[in-house]
Asker: 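Sharing a structure below in structure tokens format, with a few things to ask.
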Amino acid sequence: QDVYFTAIYPPLENLSIWFPRSWPSWKCDGLDATLENYRCDRVREGSFLWSGTYIIKATWTLVQATTAEGSCPSPDVSGNAESVGCNGVFPPDGTCTVRCSAGYTGSPSTYYCYAEGEAMVGFEPECTLGTTTATATWTYTDTSTSTTTLTATTTSLADCPESFTVNGAEALHPTLMGTFDLSSITPGSSNDGRRIYMNSYSGYLYYISSYGLWAIGSVLDSLAPYLFSSTTSSVCPDLTSGWSVWDGSEYSTAYSIFVNKVCADSITVEGAEEIQPNMMGTFNKTSTTPSASHAFWPIYSNEHGEHLYFWAAASRWVIDGNISDAYAFLASSSSSHECPDETVDWIVWDSEKWSAEYPISIYTAEALTSGEAEANLTTTTSTATLDSCPFQVMVHAGQPHPMMDQYTQLRITPISGDRPIYVGTSGYLYYNWYFQRWAIGTTYDGTSYNFVSGATAALCPNGTIDWLSCVGNPCALHTIYINPVCPASVLVTGFEDEYPDSMGVYEQTGIKPEGFHMGRPIYMNSKGVYLYFWPSGQWAVHSNYSNAYAVLASDASSATCPQEGTGWMRLMNGAWELTSDLLVLDTWTTATTTSTTTTTTTSTSTTSTTTSTTTTSSTTSSTTSTTTISSTSTTTSSTTSTTTST
């Protein structure tokens, strides 16, 4: 029953593999190789010979199908930089870009391929920490000098709070719990530049770059910590989840570990004095010790004896006199990592129903004193309408179930306030206001639920992923993808000469998407080529929909449907090249546009010009109309189109 693991891409030497159960006892912490058990290297080499869970850190990416002979090898860069388009670059004039990795800032550098098989020549960019804008997945350089760069706002390393509280394993590791403050220790490459925190017992909260995980231990940079998170590559420790705790014999996931930023001592709440006067005013931190029911967030109280506290079961900050249940008079939107002054979209109980009409403002006393209160106000606004959510959604999970189906909005007034109600062939998708979560059940009145979303107050169901399957007992974590319904067919055009088999109309196949397709449909054209989604956030075109190879691909913007994809590229001479000539269109929209254009041309007696032969095929007509037809009020064109029925 031994397992032998082999890595094809990325190669084994570029992976981190470890065996949490025995890592501490085997001394596999990387601090002193002479003390390590020989089993450490056996595991790192892919020999899984001992019972338990093995962790392999890898990153999905779209890669070129082959590397052409005669090209220069990709530059070898450090961990704070990455190469872009450097595979399959040919001498003597080939170039590619090396840029700073996410979380770092600096100007990109150009590397040059001068001779076959020789290393590319260039200077690695100087990358520093502390920016709030990180470069997204791809930077594309075409044959001209222009470069298209996708950027996305992210949490930077410098934005992490200076203090955190850690709770949940006091019985096992009391000296590794409590408040961790920013230390004066300069983080190194082993921490990937992330801050190092220390508590009063000299316990460390630090990042292990080789694992991509946050950890807590008594020895800084140990690869065998007492606690480690399951969330990879988190910038700040409070954005982690799923912690494993060393219980003396193995790592256990039975402990709920809470890592929270330290909130202000005083919070002021305003805006509902008319309806809930006792729930307003200044709330100060109390000496009451919060529990797991409060996710260990602090408990506040005002002069009326009312409390502002976090209720973990609903993942909301609430205001009420009793801190031991979920009943409340005010409640925030779903909030997992925010202090109360950072929350938004508060609702107020008006004695009959929950209302979002009251302009609730929450700010800290410190902000009020410094004159910055206005910038810290979080005013509630109600923006959801029935039309703001998709009219139809597709619900997909990794295992079959009758309720994994297409759902359509019922145009009725929802019981759940402003959230729509959807109906499928076997049940309803609706917002359960009591649990304040989306649910799927046989009724929509809140009494039935087979699946319940994770703690969320999302206005629309699409985008929610972490669900609980309550078909059995108890409820179990379940991954469900909910996406707007994509068109039944799309048209891919623009490279009929270079990629004839990849062009044409693609229709939904009905093939069940795998988990890595993230619930998106799989399309196929008449030549057996597929258009599908890949977890890198890209739509791809290839003859195999189950791997990362592709000849055409969009950028990593995670478009829901293929016609919404942007930044399309083609594989040219072994390298990705951005192109504006490739079009992916909704065939229904294209046909509608053609019909409208034809009607307008007929009614105004204008002349249309075209460069292609007229055909009776509705698909070809749509393509021609979209790309070449233009109406004109003159007759100077040398070619006149004939009438085409669409």
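Count residues from 1 along the sequence.
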Asker: Which residues satisfy the side chain to side chain donor-acceptor pair (under 3.5 Å) test with K261, sequence neighbours excluded?
Answerer: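 Only E342 meet the side chain to side chain donor-acceptor pair (under 3.5 Å) criterion with K261.
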Asker: If you apply the rule side-chain contact (heavy atoms from CB on, under 4.5 Å), what do you find for W438 with L429, and how did you get there?
Answerer: CA-CA 7 Å; W438 285 91; L429 170 63; 4.3 Å; yes
Asker: Under the side chain to side chain contact (heavy atoms under 4.5 Å, CB included) test, which residues partner P174, sequence neighbours left out?
Answerer: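 With sequence neighbours excluded, P174 shows a side chain to side chain contact (heavy atoms under 4.5 Å, CB included) to no residue whatsoever.
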Asker: Could you tell me whether the side chain of N167 and the main chain of I257 form a donor-acceptor pair under 3.5 Å?
Answerer: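 No: the side chain of N167 does not pair with the backbone of I257.
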Asker: So which heavy atom on G441 is nearest to which on N450, and how close?
Answerer: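 So the minimum-distance heavy-atom pair works out to CA-OD1, 3.7 Å.
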Asker: Compare all side-chain heavy atoms of S315 with those of F310 and state whether any distance is below 4.5 angstrom.
Answerer: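 With C-beta onward as the side chain, the pair touches.
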Asker: Where the side chain of T286 meets the backbone of I299, is there a donor-acceptor pair that is under 3.5 Å apart?
Answerer: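 At least one qualifying donor-acceptor pair exists.
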Asker: Checking N260 side chain against A295 main chain: does a donor-acceptor pair fall under 3.5 Å?
Answerer: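 Side chain of N260 to backbone of A295, a donor-acceptor pair under 3.5 Å: yes, one is there.
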Asker: Is the CD atom of E162 crowded by more than 12 outside heavy atoms at less than 6.0 Å?
Answerer: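 No, not enclosed.
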Asker: Taking only residues at least two apart or on different chains, which pairs with a member in residues 252-309 satisfy disulfide (SG to SG under 2.5 Å)?
Answerer: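 Listed once each, the pairs are C263-C339.
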Asker: Between S249 and D247, does any side-chain donor sit less than 3.5 Å from a side-chain acceptor?
Answerer: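 Short answer, yes.
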Asker: Does V166 reach the side chain of F180, with side-chain heavy atoms less than 4.5 Å apart?
Answerer: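 SC-SC contact between V166 and F180 confirmed.
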Asker: Atom CH2 in W26, atom CH2 in W18: separation rounded to 0.5 Å?
Answerer: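 Interatomic distance, W26 CH2 to W18 CH2, rounded to 0.5 Å: 15.0 Å.
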Asker: Side chains of I319 and H307, heavy atoms from C-beta outward: is any pair under 4.5 Å?
Answerer: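 I319 vs H307: side chains apart.
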Asker: Short question: side chain of N302, backbone of M280 - any donor-acceptor pair under 3.5 Å?
Answerer: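 Present.
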Asker: Donor-acceptor pair, Q409 side chain versus P390 backbone, under 3.5 Å?
Answerer: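 Here the side-chain-to-backbone pair exists.
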Asker: I'd like to know if the side chain of N191 reaches the main chain of R194, judged simply by a donor and an acceptor atom lying under 3.5 Å from each other, with no hydrogens or angles considered.
Answerer: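 Judged by distance alone, no pair lies under 3.5 Å.
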Asker: With a 6.0 Å cut-off on ring centres, are Y407 and Y422 close enough?
Answerer: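 Aromatic pair excluded; centres sit 6.0 Å or further apart.
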Asker: Should N483 and T560 be marked as a side-chain hydrogen bond (donor to acceptor under 3.5 Å, both in side chains) after you check the CA-CA gap, both sets of side-chain angles, and the distance that decides it?
Answerer: CA-CA 7 Å; N483 298 314; T560 301; 5.2 Å; no
Asker: Nearest 0.5 Å please: distance from the CG atom of L182 over to the CD1 atom of I185.
Answerer: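 The CG atom of L182 sits 10.0 Å away from the CD1 atom of I185.
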Asker: S230 side chain to W243 main-chain N or O, any donor-acceptor pair under 3.5 Å?
Answerer: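 No, S230 side chain to W243 backbone: no donor-acceptor pair under 3.5 Å.
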Asker: Taking the side chain as every heavy atom from C-beta outward, state whether R44 and C28 have any atom pair closer than 4.5 Å.
Answerer: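 Side-chain contact under 4.5 Å: yes.
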Asker: Could you go step by step and tell me if I360 and I362 meet the side-chain contact (heavy atoms from CB on, under 4.5 Å) rule?
Answerer: CA-CA 7 Å; I360 303 300; I362 301 182; 4.0 Å; yes
Asker: What I'd like to find out is whether the side chain of I347 reaches to under 4.5 Å of the side chain of R316, using heavy atoms alone.
Answerer: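 Answer yes - side chains close enough.
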Asker: Considering all heavy atoms of both residues, which atom of Y206 and which atom of P225 are nearest to each other, and what is their separation?
Answerer: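 Residues Y206 and P225, closest heavy atoms: OH-CB, 3.6 Å.
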Asker: S332 and W346: which non-hydrogen atoms are nearest, and at how many Å?
Answerer: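 Distance-wise, the nearest heavy atoms are CB-CE2, 3.4 Å.
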Asker: Are Y251 and F228 an aromatic pair, judged by ring center distance below 6.0 Å?
Answerer: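 F228 vs Y251: aromatic centres under 6.0 Å.
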Asker: Does the ring centre of W297 sit less than 6.0 Å away from the ring centre of W317?
Answerer: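 Yes, ring centres under 6.0 Å apart.
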Asker: Please walk me through it: do Y363 and D341 pass side-chain contact (heavy atoms from CB on, under 4.5 Å)?
Answerer: CA-CA 5 Å; Y363 52 87; D341 57 294; 5.5 Å; no
Asker: Holding to side chain to side chain contact (heavy atoms under 4.5 Å, CB included), I want the full list of residues that pass it with S210, two or more places apart in sequence or in another chain.
Answerer: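 If we apply the side chain to side chain contact (heavy atoms under 4.5 Å, CB included) test to S210, skipping adjacent residues, the hits are S16, I208, L223.
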Asker: How many angstroms lie between NZ in K285 and CG in L308, if you round to the nearest 0.5 Å?
Answerer: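 CG of L308 is found 11.5 Å from NZ of K285.
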Asker: Side-chain contact test, heavy atoms from C-beta onward, threshold under 4.5 Å: evaluate it for Q276 versus L330 and give yes or no.
Answerer: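 Sidechains of L330 and Q276: in contact.
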Asker: What's the spacing between S229 OG and L213 CG if we round to 0.5 Å?
Answerer: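 Taking OG in S229 and CG in L213, the distance rounds to 5.0 Å.
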Asker: Assess the side chains of D181 and S163: does a donor N or O sit below 3.5 Å from an acceptor N or O?
Answerer: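 Yes, a side-chain donor-acceptor pair sits under 3.5 Å.
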Asker: Looking at Y226 versus H173, is the centre-to-centre ring distance below 6.0 Å?
Answerer: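 Distance test on ring centres: under 6.0 Å, yes.
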Asker: Check whether any side-chain N or O of E306 sits under 3.5 Å from a backbone N or O of G321 as a donor-acceptor pair, and report yes or no.
Answerer: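 Present.
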Asker: On a heavy-atom basis, which atom in F283 and which in G281 lie closest, and how many Å separate them?
Answerer: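 In this case the closest contact between F283 and G281 is CD1-O, 3.5 Å.
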Asker: Please enumerate all residues that pass side chain to side chain contact (heavy atoms under 4.5 Å, CB included) together with Y54, with sequence neighbours excluded.
Answerer: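 With neighbours one apart ignored, the set is F19, V43, F48, W50.
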Asker: So, does E273 use its side chain to make a donor-acceptor pair with the main chain of G271 at under 3.5 Å?
Answerer: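 At least one qualifying donor-acceptor pair exists.
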Asker: Is there side-chain contact between S218 and Y204, with at least one heavy-atom pair below 4.5 Å?
Answerer: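 The answer is no; the side chains never approach within 4.5 Å.
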Asker: Using every non-hydrogen atom in the two residues, find where K27 and L35 come nearest and quote the distance to one decimal.
Answerer: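 Looking at all heavy atoms of both residues, the closest pair is CB-O, 3.4 Å.
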Asker: side-chain contact (heavy atoms from CB on, under 4.5 Å) between L176 and L227: does it pass, once the steps are laid out?
Answerer: CA-CA 9 Å; L176 298 178; L227 298 91; 4.1 Å; yes
Asker: Which heavy atom in Y444 sits nearest to a heavy atom in I421, and how many Å separate them?
Answerer: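 Minimum heavy-atom separation between Y444 and I421: CD1-CD1, 3.5 Å.
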Asker: Is there a side-chain hydrogen bond (donor to acceptor under 3.5 Å, both in side chains) between T268 and T282? Walk through the geometry before answering.
Answerer: CA-CA 4 Å; T268 299; T282 298; 3.3 Å; yes
Asker: For D325, what residues pass the side chain to side chain contact (heavy atoms under 4.5 Å, CB included) criterion, not counting sequence neighbours?
Answerer: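 Checked D325 against side chain to side chain contact (heavy atoms under 4.5 Å, CB included); matches are Y309, D320, N322, Y327.
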Asker: Is S222 reaching over with its side chain to a backbone N or O of V219, donor-acceptor style, under 3.5 angstrom?
Answerer: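 No; zero donor-acceptor contacts below 3.5 Å.
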Asker: Between atom CD1 of I196 and atom OG of S183, what is the distance when rounded to the nearest 0.5 Å?
Answerer: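 These two atoms lie 5.5 Å from each other.
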Asker: Establish, yes or no, whether a centroid distance under 6.0 Å links the rings of F164 and Y197.
Answerer: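 Under 6.0 Å, so yes.
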Asker: Under 6.0 Å between ring centres, would you say that holds for F329 and W349?
Answerer: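 Between W349 and F329, which both carry aromatic rings, the centre distance is not below 6.0 Å.
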Asker: So how far is it from I480 CD1 to S453 OG, rounded to the nearest 0.5 Å?
Answerer: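 Here the rounded value is 9.0 Å.
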Asker: Check this for me: Y428, atom OH, are more than 12 non-hydrogen atoms of other residues, nucleotides or ligands nearer than 6.0 Å?
Answerer: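 Open: at most 12 neighbouring heavy atoms sit under 6.0 Å from OH of Y428.
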Asker: In the structure I gave you, are the side-chain heavy atoms of V245 and L172 within less than 4.5 Å of one another anywhere?
Answerer: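 Result yes, sub-4.5 Å side-chain heavy-atom pair found.
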